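Reviewing the structure listed below.
Keep in mind it's a predicted model, so treat the numbers as computed, not measured.
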Amino acid sequence: MAKILAVLETEHERLTSLDGQIGDGDLGITLIKAFRELDRTKDAWPDDVGMALMQGAGAVSKVSSSSFGTLLATSMMAAAKLTKGRTEVAWNEVPGFLDKAVEAMMARGKASLGDKTVMDAVSGAAKAGAGKDDPAELLAALRQGTDRAMAEFRDRPNKIGRARIFAERTIGMDDPGMVAFKVMIDAV
């Protein structure tokens, strides 16, 4: 979390600008507010990973009213359900958490894989990271999966959210949500 916050301190303006080209321009603002609040509240979280993730989701919801903030909180809640009652998780479980996050985001956001959203990047990362036990190998695979998804969708139009209004203009552009996920994965 601290590593992501540190990177967002310098990247949030770029994310906001990118989002402003095809959306409402609140992505970077949403993320910096969310991760500042996570950092501010983290010392009060319990040792139970699931309960800590639920408290983190509540913190994100409290400070961000954007759709990306909602999806981030939804993802945290999905992982919380898988980790409730546990004080640690193995690295090789991360791809499964990402898959559950995608399922939860699809249900909440009424989007599908293939719509050129953050979910496509998260799904790509999960697939690439499956079966990896070593943290360095897993993180490298998550980055590669994210990069592949971004390359795959770059020349497609966005099909959902405010960006769908500018569908043809989004061809050749990276989806801002995918870029945000990449920023977060690269920060770890």
Side-chain angles (χ1 to χ4, degrees), residues 1-43 45 52-53 56-76 78-79 91 94-95 97-98 101-102 105 109 111 115-126 128-129 135-136 138-156 158 160-163 166 169-188:
M1 208 169 41
K3 289 179 180 181
I4 294 171
L5 176 57
V7 171
L8 286 173
E9 292 290 354
T10 61
E11 290 291 316
H12 73 279
E13 290 178 4
R14 179 176 74 94
L15 292 171
T16 294
S17 176
L18 179 63
D19 188 41
Q21 293 176 28
I22 59 172
D24 51 10
D26 64 354
L27 178 60
I29 296 162
T30 294
L31 284 172
I32 195 68
K33 285 169 53 177
F35 276 86
R36 284 177 179 163
E37 186 68 7
L38 290 170
D39 185 61
R40 187 187 73 74
T41 60
K42 72 181 183 311
D43 292 335
W45 296 354
L53 285 167
V60 169
S61 294
K62 176 182 165 186
V63 298
S64 62
S65 58
S66 77
S67 57
F68 198 91
T70 300
L71 294 178
L72 177 59
T74 298
S75 298
M76 293 174 76
W91 281 96
V94 170
F97 298 156
L98 295 175
V102 170
M105 286 189 288
D115 286 345
K116 190 178 177 179
T117 70
V118 65
M119 292 176 284
D120 294 302
V122 175
S123 178
L138 173 63
L139 288 170
L142 296 178
R143 288 182 187 107
Q144 290 168 354
T146 301
D147 289 342
R148 276 195 300 270
M150 289 177 67
E152 177 183 344
F153 286 92
R154 188 169 293 125
D155 291 327
R156 297 185 191 182
N158 284 80
I160 196 148
R162 195 173 302 234
F166 307 105
R169 199 166 94 189
T170 65
I171 295 171
M173 294 178 66
D174 286 322
D175 174 73
M178 287 186 183
V179 174
F181 182 70
K182 179 174 174 40
V183 165
M184 291 185 276
I185 289 292
D186 286 348
V188 178

Task: Given T70, I32, I29, T30, the one that forms side-chain contact (heavy atoms from CB on, under 4.5 Å) with S64 - done: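 Only match with S64 under side-chain contact (heavy atoms from CB on, under 4.5 Å): T30.
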- [ ] Run through M173, M178, R148 and flag the one making a side-chain contact (heavy atoms from CB on, under 4.5 Å) with F153.
- [x]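 Filter result, single survivor: M178.
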Open item on the list: Could you tell me if the side chain of L139 sits less than 4.5 Å from the side chain of V188, heavy atoms only?
Closed with: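 Side-chain contact under 4.5 Å: yes.
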Task: L38 side chain near L5 side chain, heavy-atom distance below 4.5 Å - done: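 The answer is no, as the side chains (C-beta and beyond) never meet within the 4.5 Å cut-off.
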For [X] and [Y], which heavy atoms make the closest approach, and how far apart are they?
X    : Y    : value
A187 : K3   : O-CB, 3.3 Å
F181 : A125 : CE2-CB, 3.8 Å
L138 : P95  : CD1-CG, 3.9 Å
A128 : G145 : CB-CA, 3.7 Å
P176 : I22  : CD-CD1, 3.5 Å
T16  : G25  : CG2-O, 2.9 Å

Task: Selection residues 56-67 - residue pairs positive for salt bridge (Lys or Arg N to Asp or Glu O under 4.0 Å), sequence neighbours left out - done: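 Passing the test, one end in residues 56-67: E37-K62.
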Measure the [atom1]-[atom2] distance between [X] and [Y] for me, rounded to the nearest 0.5 Å.
X    : Y    : atom1 : atom2 : value
T74  : M105 : OG1   : CE    : 8.5 Å
D174 : K182 : CG    : NZ    : 9.5 Å
M119 : S75  : CE    : OG    : 9.5 Å
D19  : D175 : CG    : CG    : 8.5 Å
M1   : R36  : CE    : CZ    : 14.5 Å
K33  : L31  : NZ    : CG    : 11.0 Å

Task: Partner set under side-chain hydrogen bond (donor to acceptor under 3.5 Å, both in side chains) for W45, not counting sequence neighbours - done: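 For W45, the residues satisfying side-chain hydrogen bond (donor to acceptor under 3.5 Å, both in side chains) (neighbours in sequence not counted) are T41.
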- [ ] For the pair F35 and H12, evaluate side-chain contact (heavy atoms from CB on, under 4.5 Å) and give the outcome as yes or no after the intermediate values.
- [x] CA-CA 11 Å; F35 276 86; H12 73 279; over 6 Å; no
Task: Evaluation steps, side-chain contact (heavy atoms from CB on, under 4.5 Å), between D120 and E152 - done: CA-CA 10 Å; D120 294 302; E152 177 183 344; over 6 Å; no
- [ ] Using a strict 4.0 Å threshold on nitrogen-to-oxygen distance, state whether K42 and D39 make a salt bridge.
- [x]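 Yes.
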Open item on the list: Please check: side-chain N/O of T146 versus main-chain N/O of L142, any donor-acceptor pairing under 3.5 Å?
Closed with: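 Yes, the answer is positive, given that a donor and an acceptor are paired below the 3.5 Å cut-off.
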Open item on the list: Let's go through V179 and R14 carefully: what are the C-alpha distance in whole Å and the side-chain angles of both, what is the deciding distance for side-chain contact (heavy atoms from CB on, under 4.5 Å) to 0.1 Å, and is it a yes or a no?
Closed with: CA-CA 10 Å; V179 174; R14 179 176 74 94; 3.9 Å; yes
